[in-house]
Undergrad: 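For reference, the structure I am asking about is given below.
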Amino acid sequence: MITTKPAEFREALPEGGRLIGLDVGSKTIGTAFCDAGWSFATAAKTIKRSKFGKDKAQIEQLVADQNITGLVIGLPLNMDSTDSPQTQSVRAFARNIAVLGLPILLQDERWSTQAVERALIDADVSRAKRAERVDSAAAAFILQGAIDALVG
C-alpha cells in the first residue's frame, strides 16, 4: 500500500511500530528512524545510490535490523503541489520498494532540505559536515513531520 494520506497509513499500522524515513535523491538516500511510539525521529546513515537492487538490499537490511513496520518517503512536490521529474522518480522508487511488503507513506518534503540546512548553519556546522549530514537530517525532518501528523 502506497498512500499520501496519514490516516490511511495509520490504519495499515494498528499496532504502531518503528518507522524508517527515506529522503531519496539522485545520488544518495538519507535514512532516519523513529521509536515504536512515534514520538521522535533520529537521523541515521546516508546510502550512496547505485543500482536499485543494491539500494533495495541496504534498505531491506535496515528494515530487518530495526524491526521496521512502515516506510515514510519524502515526496518532492513543486511549490504549487504539482509533480516534477524528481517527484516521478520518487514515486517510481516507492512502487519498486513496495516489494518489501510494508505500508508506505509519501510525505510532502518541500521545505525539508532548506529547513535542515538552516538548522545546521545555526548550529555552526561546517559546510563539509553539513554535506555529510544533510540527507539523513532531511530524512529525520520528513519522518518527524509524518509522525506528528500520525499522532496529531
Undergrad: List the atom of Gly21, the atom of Ala139, and the distance in Å for their closest heavy-atom pair.
TA: O-CB, 3.7 Å
Undergrad: Nearest heavy-atom pair of Ala32 and Ala43: which atoms, and what distance?
TA: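 Smallest interatomic distance, heavy atoms only, reads CB-CA, 4.0 Å.
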Undergrad: Could you report the tightest heavy-atom contact between Ala138 and Asp23, atom names first, then the distance?
TA: CB-OD2, 3.3 Å
Undergrad: With heavy-atom distances below 4.5 Å as the criterion, would you say the side chains of Ile47 and Thr28 are in contact?
TA: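 No, too far: nothing below the 4.5 Å cut-off.
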Undergrad: To the nearest 0.5 Å, what is the distance between CD1 on Ile2 and CD1 on Ile97?
TA: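 Taking CD1 in Ile2 and CD1 in Ile97, the distance rounds to 10.0 Å.
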Undergrad: Under 4.5 Å between any side-chain heavy atoms of Ile73 and Val24, yes or no?
TA: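 SC-SC contact between Ile73 and Val24 confirmed.
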Undergrad: Quick check: does any side chain N or O of Trp38 sit under 3.5 Å from a backbone N or O of Gln144, one acting as donor and the other as acceptor?
TA: no
Undergrad: To check you understand the geometry: which heavy-atom pair defines the closest contact between Gln58 and Lys45, and what is its length?
TA: OE1-NZ, 3.6 Å
Undergrad: Is Asp35 salt-bridged to Arg18, going by a charged N under 4.0 Å from an acidic O?
TA: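 Salt bridge flag = no for Arg18 with Asp35.
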Undergrad: Below 4.0 angstrom, N of the basic side chain to O of the carboxylate: do Arg91 and Asp83 qualify?
TA: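 A salt bridge is present here (some side-chain N lies under 4.0 Å from a carboxylate O).
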Undergrad: For a side chain to side chain contact (heavy atoms under 4.5 Å, CB included) check, start with the C-alpha distance between Leu19 and Thr69, then their side-chain angles and the critical distance, and finish with the verdict.
TA: CA-CA 6 Å; Leu19 304 176; Thr69 59; 3.9 Å; yes
Undergrad: Whether the side chain of Thr87 engages the backbone of Pro76 through a donor-acceptor N/O pair (distance < 3.5 Å, no angle test) should be reported.
TA: yes
Undergrad: Give a yes or no on whether Leu100 and Leu106 share a hydrophobic cluster (residues Ile, Leu, Val, Met, Phe, Trp, Tyr; joining criterion: side-chain heavy atoms under 4.5 Å apart).
TA: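 Yes, it is one cluster - the side chains of Leu100 and Leu106 are joined through contacts under 4.5 Å.
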Undergrad: CD1 of Ile59 to CG of Leu102: how many Å apart, nearest 0.5 Å?
TA: 11.0 Å
Undergrad: Rounded to the nearest 0.5 Å, what's the gap from CD1 on Ile20 to CG on Leu71? Could you check?
TA: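 Atom-to-atom, Ile20:CD1 and Leu71:CG are 6.0 Å apart.
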Undergrad: Would Gln107 and Leu75 count as a side chain to side chain contact (heavy atoms under 4.5 Å, CB included) if you check the C-alpha gap in whole Å, the side-chain angles of each, and the deciding distance to 0.1 Å?
TA: CA-CA 5 Å; Gln107 176 74 15; Leu75 188 63; over 6 Å; no
Undergrad: Of all the heavy-atom pairs spanning Ser26 and Gln86, show the shortest one and how long it is.
TA: N-NE2, 4.4 Å
Undergrad: May I ask you to test the Ile29-Thr46 pair for a side-chain heavy-atom distance under 4.5 Å?
TA: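 A side-chain contact is absent here, since even the closest heavy-atom pair is not under 4.5 Å.
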Undergrad: Got Asp108 and Ile142 here, is their nearest side-chain heavy-atom distance under 4.5 Å?
TA: no
Undergrad: How long is the span from the CG atom in Leu150 to the CG atom in Leu143, to the nearest 0.5 Å?
TA: 9.0 Å
Undergrad: Tell me the closest heavy-atom pair linking Leu62 and Ile68, and the distance in Å.
TA: O-CG1, 4.1 Å
Undergrad: Please determine whether side chain to side chain contact (heavy atoms under 4.5 Å, CB included) holds for the pair Asp55 and Ser50, giving the CA-CA distance in whole Å, both sets of side-chain angles, and the decisive distance to 0.1 Å.
TA: CA-CA 6 Å; Asp55 297 345; Ser50 64; 3.6 Å; yes
Undergrad: Relative to the ring of Phe93, is the ring of Phe52 parallel (under 30°), tilted (30 to 60°) or perpendicular (over 60°)?
TA: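 If you compare the ring of Phe52 with that of Phe93, the planes turn out perpendicular.
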Undergrad: After noting the C-alpha distance and the side-chain angles of Leu13 and Arg10, does the key distance pass the side chain to side chain contact (heavy atoms under 4.5 Å, CB included) rule?
TA: CA-CA 5 Å; Leu13 295 166; Arg10 184 164 190 45; over 6 Å; no
Undergrad: Measure the shortest side-chain to side-chain distance between Phe9 and Met1 over non-hydrogen atoms and say whether it is less than 4.5 angstrom.
TA: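 A side-chain contact under 4.5 Å exists here.
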Undergrad: State the CD-CD distance between Gln61 and Gln66, to the nearest 0.5 angstrom.
TA: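 The distance works out to 10.5 Å.
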